[in-house]
Amino acid sequence: MIALAAIALLAVTLPAQAGKPNKKAKKFTHETVEIPAVTPKVIAVETAGTQLLIQVDKKGTLRTVHYGAPAGNPDAFIKFSVGASVPETYPAVGGRFNGQDALHVKYADGTQNTELYYVSHETVAKGGITTTTVHTKDYVTALEVDLVYEAHRAEDVILMHSVIRNPGKKPVELRNYASASLNLAADDFLLTHFYGGWAREMQMDQTLLTHDIKVIETRRGTQATQSNNPSFLLTLGKNFSETDGEVIAGALAWSGNFRISFEIDQSERLNIVSGINPYASAYPLKAGESFTTPEMIYTWSREGAGGASRNLHRWARKYGVWNGGKVNPTLLNSWEGAYFTFTTETLLRMIDDAASMGLEMFVLDDGWFAKDHPRNSDKAGLGDWELNDAKIPEGIDYVASYAHSKGLKFGIWIEPEMVNPDSNLAQAHPEWVVQSPGREIYQSRNQWLLDLTNPEVQDFVFGVFDRTMSLSPNIDYIKWDCNRNVTSFGSPYLGDEQDRFFVEYVQGLYKVCERMREKYPDVIVQCCSSGGSRIDYGSMRWFNEVWTSDNTDAITRIGIQYGTSMIYPACVMASHVSAVPNHQTGNITSIKFRFDVASAGRLGMELQPKNLSAEERAIADRCITSYKGYRDVVFNGDLYRLGSPYEGDYYGLMYVSPDKSKAVVFTYCLRYQNRASGSHVFRLQGLDPAKNYKVTEQNVDKSCWWGNGKSFSGAFLQEGGFNPKLLKTNTSAVFILESK
Ligand code: GLA
């Protein structure tokens with residue numbers, strides 16, 4: 001009996017056996033759909049200093065044949081052969097190709113082949129941007145894909161994305177839907193990418209790519225950039241250089257799961273496929289619908305990593321960051337100085353101190369809200385965004401107006417995507433929480449995540465921003481935090497379409513940001529996510545700056561700021577001076593060193609000023625005053641990194657104004673040098689060799705450079721004459737260079 005039952009079970013579960021016809025089998029004829037022939041051509045996407053060339057053969061197959069320095073007349077590439085094994089410009093699963101795909105579609109009939117052929121293209125130029133749209137099509141399934149290239153001429157940046165359209169009558173499933181694929185030729189490819197964790201964001205990893213696939217990705221959903229950043233530098237060669245050689249930088253404008261994969265294939269070329277991570281996200285595209293992928297941002301430079309960073313920064317200040325390049329105020333943030341423990345009196349005295357030190361804004365961080373479940377620790381209150389009047393009975397407007405009366409702007413913290421289980425909101429709207437039926441809703445920092453795929457939640461999150469703004473007409477700045485990632489993902493709202501969750505969470509966030517900017521274009525909004533866990537060009541379109549890291553220790557911050565600077569401009573990099581021993585690392589450094597590190601970005605302070613000694617206060621006052629004198633160059637100048645904090649004993653960086661008339665130079669000694677070894681020579685960069693620069697050291701009674709106050713040619717400073725004496729570990733010097 002048992003044996004018979006087993007045979008019966010097998011009969012149910014096994015597919016049709018040999019000899020027996022499968023009733024589900026389809027009848028195939030060998031008829032093929034004809035693909036219209038096209039005139040071979042090369043489509044050129046050009047900036048002032050770069051060229052991307054896409055070859056179209058007579059069958060309409062597209063191949064990227066060049067990206068880099070301008071290579072002359074594009075037509076010279078019409079017959080250029082990269083070999084048939086080289087992936088197409090936007091490789092799809094199907095046809096003869098079976099390498100890394102950018103597109104994978106499953107059709108309603110279960111088939112999964114897509115072959116994209118050129119249909120037409122057009123180019124539209126507007127301002128400094130030329131947009132080229134290449135229309136492609138699969139002639140069997142009618143699926144259409146537009147490949148869109150936005151060339152930013154002056155910045156040498158090209159944005160790439162695709163639009164996938166389902167003009168058919170049945171739904172399809174997008175199993176991979178990358179933004180772009182880029183194919184490159186070089187002898188070696190050195191990949192630099194950015195990894196990390198809480199309080200150690202944007203650390204650098206370097207890998208000489210080999211014949212396999214290297215993937216950088218995240219599956220965290222929110223806090224996407226805590227572990228890996230969706231960006232990289234690619235040196236076309238073996239050795240990383242700040243100053244020389246071809247480097248391509250790439251960054252994806254997406255604040256959720258991403259995947260960037262690098263494959264050196266059998267043709268020895270490198271194919272880079274970048275886009276949303278399709279992990280758990282086979283995206284359904286109904287009949288008539290289209291899907292627009294996020295932008296992949298590329299630049300190329302022959303001036304090493306420094307050149308690639310400067311291109312990205314210039315582009316970001318103009319196009320990639322909300323009000324990019326606009327100088328944001330210096331500030332005192334209450335977090336490390338007061339944490340959750342404060343009264344109105346505490347805040348007013350901090351405002352007094354901030355004003356007397358010359359700071360320009362006071363930011364009230366976490367802890368000001370929730371009545372029934374007061375936010376006195378991170379265990380309660382998130383979701384209940386009303387004032388906790390036990391702490392501030394006079395109200396937010398009272399504090400904000402006080403700040404204004406002292407000449408300071410006022411900012412306030414929110415974390416609108418989150419809810420503590422211990423809150424009224426969690427009880428009122430359990431269905432708004434990200435969750436999966438029957439499974440534990442894991443807590444992280446004692447909190448749950450709200451389901452931003454749900455339009456009601458989007459309204460709520462926008463409402464948190466809006467209502468907070470309405471607490472006072474004197475709110476100038478909002479710090480928007482996001483302190484956890486996704487676990488046990490699931491949305492009650494999405495029903496049986498859970499595949500949409502990861503993508504539509506990010507789209508929901510962007511919808512809220514769009515509403516925020518429609519109503520509040522001038523409010524300064526900081527993007528914070530346990531520090532720098534949402535640093536990407538998707539969020540920066542909406543935010544003015546990022547909280548670079550919860551790590552405020554000057555020693556380790558230098559490395560975090562160095563990594564951040566590879567891709568993101570200084571104008572977004574919020575950097576605060578905090579107390580010692582540092583609350584994260586325990587390190588003790590001088591207040592001058594802490595200022596000299598924080599001043600390389602948007603300077604702020606995050607401590608209790610009344611705990612500073614008179615001497616420290618005096619140094620703080622001077623550093624803040626001098627920062628105001630040069631910060632225009634930090635915000636809008638070109639960055640030149642002088643070495644690396646990971647190599648050697650010294651590191652420096654400098655910003656140079658676009659007209660090269662002014663620069664600010666930051667120099668640091670990071671490891672002990674014996675006195676006999678003399679001083680390190682910093683070879684400055686980016687100056688005009690023929691101009692004379694007056695060099696003035698900042699924030700010191702006694703200068704550490706013999707040339708202080710004198711004028712020198714750019715040539716002298718760049719070719720070896722600049723050697724400030726920094727002989728002790730964790731000492732620093734800052735200089736302004738001005739040419740009349
Ligand atoms: C996060 C942020 C901090 C601070 C706290 C408040 O950790 O990164 O700067 O705002 O939240 O809870």
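Everything quoted here is computed from the prediction, not taken from an experiment. Start at 1 and go down the list; that is how both ligands and their atoms are numbered. For reference, positions follow the sequence shown, starting with 1.
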Neighbouring residues of ligand 1, heavy-atom cut-off under 4.0 Å: W335, D365, D366, W413, R445, K479, D481, N483, C528, S530, G531, W547, D550
Pair H576 and W335, ring centroids less than 6.0 Å apart: no
Check: W385 ring centroid to F369 ring centroid under 6.0 Å: yes
Taking every non-hydrogen atom, the tightest pair across A354 and L408: CB-CD1, 3.8 Å
Ring centre gap for Y537 and Y568 strictly below 6.0 Å: yes
Parallel, tilted or perpendicular: ring planes of Y668 versus Y651, cut at 30 and 60 degrees: parallel
Y339-H583 aromatic ring centre distance below 6.0 Å: yes
